[in-house]
Amino acid sequence: MDFEKQSIGTEDFAEHIRTKKIYIDKTSYLPELYGEKVHPNGMRYEDKVLLITRPRRFGKSLTMSMIKNFFELNYANPKDKSNPKELFQNLAISKDQDFCDKYMGEYPVISISLRGINGTCFASAIGSFLFEIGRVYNQYSFILNSDILTEKEKSDFNYIIDISNQNDFDKWYETHKIDSSLKIKNSLFLLTYLLNKIYKKKCIVIVDEYDVPLQKATVENYYKEMLDVVRGMFESVFKTNEYLEKGIVTGCLRISHESIFTGINNFSIYTVNDEGFNKFIGFTHDEVVELLQKQKLSSKENTVMKWYDGYNFSGARMLCPWSVLNFCEGAGSSSNPETFAPQNYWINTSGNDIMRICITKPNAKDSMRLQNLLDDKTEMVKPTDFTAYPEINYKTGFDVMMGMMIHTGYLTVLNIDEKGNMEVKIPNNEIKDSFRKSIEAIYCDDNIPWFEKVKALKAALFKNDKDEVQRLINELLINFVSVRNTAQESYYHGFLSGVLSLTVNDPEEIKSDMESGKGFSDLRLISDLKKNVIIIEFKKLEKGESFEDICAEALQQIEEKQYAYPYAQKNYRILKYGIGFYGKECWVEVA
């Protein structure tokens, strides 16, 4: 089969295969998933229920669809396996005839995605939850024709569909609050019971994006209520369920076992730092090399690896499928693939609330650690599991934040020492660019606390209040994670000109490197209305120097180069600042 057509965002495995879209074959991992094959590390994973966490856009949903298509029986004719045989005939798993004979097309499979469950309040979220449950139930409406089910069982099934399609849900919910939550909690268990009764086979249950409702509930302040519903549904379907063959759950973040999976036996979690299934979701380095060859893009391999490689999933070198496929599509359709430039495809795939939490309010030490990461350095952290989404905020500490960023794809782990400390770094250029764009979005005039601080700095400059100017610049530096090279004087120059430019209405009010007198002043800020002008010269502290010395040198340069001369001729009030920088600290002197 010739897989050469691009398919961006398609999560239906059957559609993928039948339309001959690009598919990186992951079917050889199915025996390992089922405990029939030993992992290269020598372990055999025989979990009844497992949670696999991966960052967004790593192909979790397509992988779950593949699993469903392989194991699901033909409900109209359980002996007919023609559908999975057609889909998998040219894929790696077809070579394992014993496994295919034993498992292919053998089980009822229930698959539900919780990605779309959200609402501005708990009631609206429950409405979207019931709608999704109803959508899943409708896929099995054929069981109502079975003579095996009792009228009561059929009525229970129909009730789920009926309440998922309420015309006036808000009004109905007012008198059915408890009942609606109970129906959600028991819905998957009931479906396993009914399917098992008809087909005499246990069910495989797949829950994709399990953590999305909890994330959205945190934002809208109904987390406890949503946690109760999701936990209740999991306990009902996964805990001591005699009709369950296997449970597979996916998501981005690992919420602790005690918080949501309490009491579920034979349950294991596999994150990006666990060897189990480490190559199962996402593209390996070798798979991408082969893909580029097939797409006649081998000459772009170094570019692709620099931009999209770098993830370490417990020894497996991995890339994000979304980014790689988007690059291949863009390069392949361009008039000149050789000159096609890599882009950041990942940043717009979802909101960046996690990044905002992590970088908005770090202290000075943590700010410098973030800066080190942006400068391609590594940091040592010791992440801990968080038990609930409400715990995810800047108060939880730097290590918890870093753990969250590992799970969501902003960082990757290079090494883990015997004490559990992790050496982390930003994996590639795409994620570094995501850091930068997130920072730029945060530190703008839409961020009221930040913008008010910048306006206060401008006011202090015109008041000639050097102590306040120094205090505010230091505070801004501590809370601002740079997107430039802090080792150069030009960084501080660009930093101040950038933030102060947010406060002006006319670009002429602020000029950088403007010709004046006998040279070019670093920064000039002018108020024509009040005939005030500020002239600033920057210096970076070098070894053996003092702040007082370099600030005096800056002020002397303003005088010697006569930067103020044009304004003195116009009788402007002239304010001269010499500002010295080192790291996240500055010193201010005035003339």
Side-chain angles (χ1 to χ4, degrees), residues 1-40 45 50 52 58-111 113 139-140 142 195 199 201-206 208 245-246 248 250 277-284 286-296 321-322 324-325 328-329 332:
M1 190 175 291
D2 187 13
F3 296 104
E4 293 188 353
K5 298 178 183 178
Q6 299 288 341
S7 179
I8 308 298
T10 301
E11 297 173 345
D12 186 322
F13 174 80
E15 177 185 342
H16 234 79
I17 300 302
R18 290 194 172 112
T19 56
K20 298 185 178 181
K21 297 297 193 302
I22 290 175
Y23 178 69
I24 302 298
D25 192 349
K26 297 289 184 175
T27 62
S28 64
Y29 296 97
L30 288 173
E32 183 182 322
L33 182 77
Y34 223 82
E36 293 282 323
K37 181 180 177 181
V38 175
H39 187 274
Y45 299 102
L50 62 150
I52 302 177
F58 260 77
K60 297 187 293 293
S61 297
L62 178 60
T63 303
M64 295 305 105
S65 178
M66 180 270 286
I67 294 171
K68 181 177 189 292
N69 276 273
F70 181 85
F71 289 105
E72 190 166 36
L73 57 75
N74 181 336
Y75 298 106
N77 182 6
K79 293 183 179 181
D80 176 25
K81 298 186 179 184
S82 59
N83 183 63
K85 283 182 178 179
E86 174 203 349
L87 293 175
F88 291 87
Q89 61 182 331
N90 293 306
L91 298 176
I93 192 62
S94 65
K95 298 176 183 178
D96 191 338
Q97 194 60 52
D98 290 341
F99 186 81
C100 289
D101 289 344
K102 187 175 180 181
Y103 294 107
M104 179 186 281
E106 285 292 330
Y107 297 98
V109 180
I110 302 166
S111 180
S113 172
Q139 297 173 14
Y140 303 93
F142 56 83
L195 290 170
Y199 296 101
K201 296 195 176 214
K202 294 183 178 181
C203 299
I204 294 172
V205 177
I206 299 170
D208 194 19
E245 172 69 17
K246 195 172 193 66
I248 306 168
T250 76
F277 316 111
N278 56 346
K279 297 180 181 179
F280 186 39
I281 298 177
F283 289 174
T284 68
D286 291 343
E287 288 168 344
V288 172
V289 170
E290 183 178 353
L291 172 63
L292 293 175
Q293 290 173 348
K294 289 181 178 179
Q295 298 294 300
K296 297 180 174 57
W322 173 262
V324 172
L325 291 174
C328 289
E329 181 181 57

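Note that the coordinates shown come from a computational prediction; the quantities given were computed from them, not determined experimentally.
Under the salt bridge (Lys or Arg N to Asp or Glu O under 4.0 Å) criterion, the residue pairs touching residues 95-105 are Glu36-Lys102, with sequence neighbours excluded.
For the residue pair Thr284 / Asp286, no side-chain donor-acceptor distance below 3.5 Å is found, with atom types taken as modelled.
Side-chain contact between Ile93 and Pro31 is present, with at least one heavy-atom pair separated by less than 4.5 Å. Side-chain contact between Phe71 and Pro84: absent, with no pair of heavy atoms (C-beta onward) separated by less than 4.5 Å. Contact annotation: the side chain of Tyr107 never approaches that of Tyr199 to less than 4.5 Å [non-hydrogen atoms, C-beta and beyond]. In this structure the side chain of Glu245 reaches within 4.5 angstrom of the side chain of Tyr34, judged on heavy atoms. For the pair Glu290/Ile24, no side-chain contact is recorded, criterion being any heavy-atom separation below 4.5 Å from C-beta on. For the pair Leu91 and Tyr23, the minimum side-chain heavy-atom distance is below 4.5 Å.
Applying the side chain to side chain contact (heavy atoms under 4.5 Å, CB included) criterion to Ser111, with sequence neighbours excluded, gives Lys68, Ile206. Contacts of Lys201 classified as salt bridge (Lys or Arg N to Asp or Glu O under 4.0 Å), with partners at least two apart in sequence or in another chain: Glu106. In this structure Lys246 satisfies the salt bridge (Lys or Arg N to Asp or Glu O under 4.0 Å) test with no other residue, sequence neighbours excluded. Residues that satisfy the side chain to side chain contact (heavy atoms under 4.5 Å, CB included) test with Ala14, not counting sequence neighbours, are Asp12, Arg18, Asn69, Leu87. In this structure Leu292 satisfies the side chain to side chain contact (heavy atoms under 4.5 Å, CB included) test together with Val288, Leu297, Glu301, Val304, Cys328, sequence neighbours excluded.
Looking only at distances, no side-chain donor or acceptor of Ser94 sits under 3.5 Å from a matching main-chain atom of Asn90. Distance alone, capped at 3.5 Å, places no donor-acceptor pair between the Lys21 side chain and the Phe13 backbone.
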**Q.** Audit row: Gln295, Ile22, side-chain contact (heavy atoms from CB on, under 4.5 Å) steps and yes/no
**A.** CA-CA 10 Å; Gln295 298 294 300; Ile22 290 175; 3.6 Å; yes
Q: Determine, step by step, whether Ile248 and Leu33 satisfy the side-chain contact (heavy atoms from CB on, under 4.5 Å) criterion, reporting the C-alpha distance in whole Å, the side-chain angles of both residues, the deciding distance to 0.1 Å, and the verdict.
A: CA-CA 10 Å; Ile248 306 168; Leu33 182 77; 3.8 Å; yes
Q: Begin with the C-alpha distance, continue with both residues' side-chain angles, and end with the deciding distance and a verdict on side-chain contact (heavy atoms from CB on, under 4.5 Å) for Phe283 and Leu325.
A: CA-CA 10 Å; Phe283 289 174; Leu325 291 174; 4.1 Å; yes
Q) When you look at Asn278 and His39, which way does the side-chain contact (heavy atoms from CB on, under 4.5 Å) test go after all the steps? A) CA-CA 10 Å; Asn278 56 346; His39 187 274; 3.4 Å; yes
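Rounding to the nearest 0.5 Å places CZ of Phe277 at 5.5 Å from CG of Leu50. The CG atom of Leu62 sits 12.5 Å away from atom CH2 of Trp322, with the distance rounded to the nearest 0.5 Å. We find the CD-OH distance between Glu32 and Tyr45 to be 7.0 Å, quoted to the nearest 0.5 Å. Between the CD atom of Gln97 and the CE atom of Met104 there is a distance of 8.0 Å, given to the nearest 0.5 Å. Residue Asn83 holds its CG atom at 11.5 Å from NZ of Lys85, rounded to the nearest 0.5 Å. We find the NZ-CG distance between Lys81 and Leu73 to be 9.5 Å, quoted to the nearest 0.5 Å.
Annotation: Phe88 is in aromatic contact with Phe70 [ring centroid separation under 6.0 Å].
A pairwise comparison of heavy atoms in Phe280 and Met66 identifies CE1-CE, 4.1 Å as the closest pair.
Aromatic ring orientation, Tyr75 versus Tyr140: perpendicular (interplanar angle above 60°, classes split at 30° and 60°).
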